[in-house]
2 protein chains.
Amino acid sequence: MHYAELIKTIKARREVLQVTQETVAELSGVGLRTLKQFESGKGNPTLLTLQKIADVLGMEVSLTIKNIAPNK
Amino acid sequence: MHYAELIKTIKARREVLQVTQETVAELSGVGLRTLKQFESGKGNPTLLTLQKIADVLGMEVSLTIKNIAPNK
DNA sequence: CTGCATAGTGCATTATATGGCTCTTTTTGG
DNA sequence: CCAAAAAGAGCCATATAATGCACTATGCAG
């Protein structure tokens, strides 16, 4: 997942769950400003920050081998 | 994936590919010191740094919904 | 034991992420 | 159209990630 995709995924997930940035910020312990920056594509969050956010949204950060479509 | 797992995954992947930290650092553009800190569990890398490292190792950072075992 | 390659660490500097406050813009309902 | 809610953005202080350099520790071959 590229940067933009990660953001889209987070935003989409948050919208599906019908929660505001403010709520996610409070529940995750991440500053509202930080979350806003991230979702608006301005930031470069630390892994910890991303994990906190993902966690509240019922998601997790993972590393996968990217050989989904090796030869096409 | 928890923090420690991410690290283990990166280290394991690097070892499978038989590349040194130095090589990964050079190829990814991430400082060797930064990579060493991350692999030794000392850091909290930014998403960008993690992506650069994962990329060189043929991996990618992704967000997944963590409902692997909903009710048990 | 010796030497070499790879990995881990201390220290200092620079760049930047975090986060509170306030204000503006956009979205959502009535 | 209006007002409230939610999202985005500027300013700014503080914490910390990124990085280079030098040194130490570890593992392995001879």
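Naming: A, B, ... by sequence-line order, numbering from 1 per chain. Please read these numbers as outputs of a predicted model, since none were measured by experiment.
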Would a distance-only check, ignoring hydrogens and angles, find a side-chain to backbone donor-acceptor pair under 3.5 Å from T23(A) to V19(A)?
-> no

| message | When you measure from the side chain of T34(A) to the backbone of V30(A), do you find a donor-acceptor pair of N or O atoms at a distance under 3.5 Å? | response | no

Nearest-Å distance for atom pair [atom1]/[atom2], residues [X] and [N]:
X	N	atom1	atom2	answer
K36(A)	dG10(D)	NZ	P	14 Å
L35(B)	dC21(D)	CG	C1'	17 Å
Q18(A)	dA6(D)	CD	C1'	13 Å
F38(A)	dA7(D)	CZ	P	15 Å
L32(B)	dC21(D)	CG	P	11 Å

Residue pairs passing the side chain to side chain donor-acceptor pair (under 3.5 Å) test with at least one member in residues 44-53 of chain B, sequence neighbours excluded, are N44(A)-T46(B), T46(A)-N44(B), T46(B)-T49(B)

Boundaries of the DNA chain C segment in contact with chain A, non-hydrogen, under 4.0 Å:
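Nucleotide range in contact with chain A: dA17(C) to dC21(C).
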
Item checked: Whichever of R33(B) and E15(B) has its nearest DNA chain C nucleotide further upstream toward 5' ->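 Its nearest nucleotide being more 5', the pick is E15(B).
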
- [ ] Please test E60(B) against D55(B) for side-chain contact (heavy atoms from CB on, under 4.5 Å), starting from the C-alpha separation and ending with a verdict.
- [x] CA-CA 6 Å; E60(B) 66 172 355; D55(B) 202 55; over 6 Å; no

Output a table of nitrogen or oxygen pairs between the protein and nucleotides 15-18 of chain D separated by less than 3.5 Å.
unit_1	atom_1	unit_2	atom_2	d
dA17(D)	OP1	N44(B)	ND2	3.4
dA17(D)	O5'	N44(B)	O	3.4
dA18(D)	OP1	T46(B)	N	3.0
dA18(D)	OP1	T46(B)	OG1	3.2
dA18(D)	OP1	T49(B)	OG1	2.6

Scoring nucleotides 25-30 of chain D by protein non-hydrogen atoms under 4.0 Å (B base, S sugar-phosphate only, - none) yields ------

Residues pairing under salt bridge (Lys or Arg N to Asp or Glu O under 4.0 Å) where one sits in residues 33-45 of chain A, two or more places apart or in two chains, turn out to be R14(A)-E39(A)

- Task: Find the bend of the helix from dC1(C)-dG30(D) to dG30(C)-dC1(D) as the angle between its two terminal axes (five pairs each), to the nearest 10°.
- Result: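 Inter-axis angle at the termini of the helix from dC1(C)-dG30(D) to dG30(C)-dC1(D): 60°.
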
Check for me, please, whether Y3(B) and L48(B) land in the same ILVMFWY cluster - side-chain distances under 4.5 Å, paths through other members count.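 Each belongs to a different hydrophobic cluster.
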
### Query
Same hydrophobic cluster for L47(B) and M1(A), using side-chain heavy-atom links shorter than 4.5 Å among ILVMFWY?
yes

Next on the checklist: Any base atoms under 4.0 Å from K52(A), or only sugar-phosphate, or nothing? Heavy atoms, all strands.
Outcome noted: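 No contact.
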
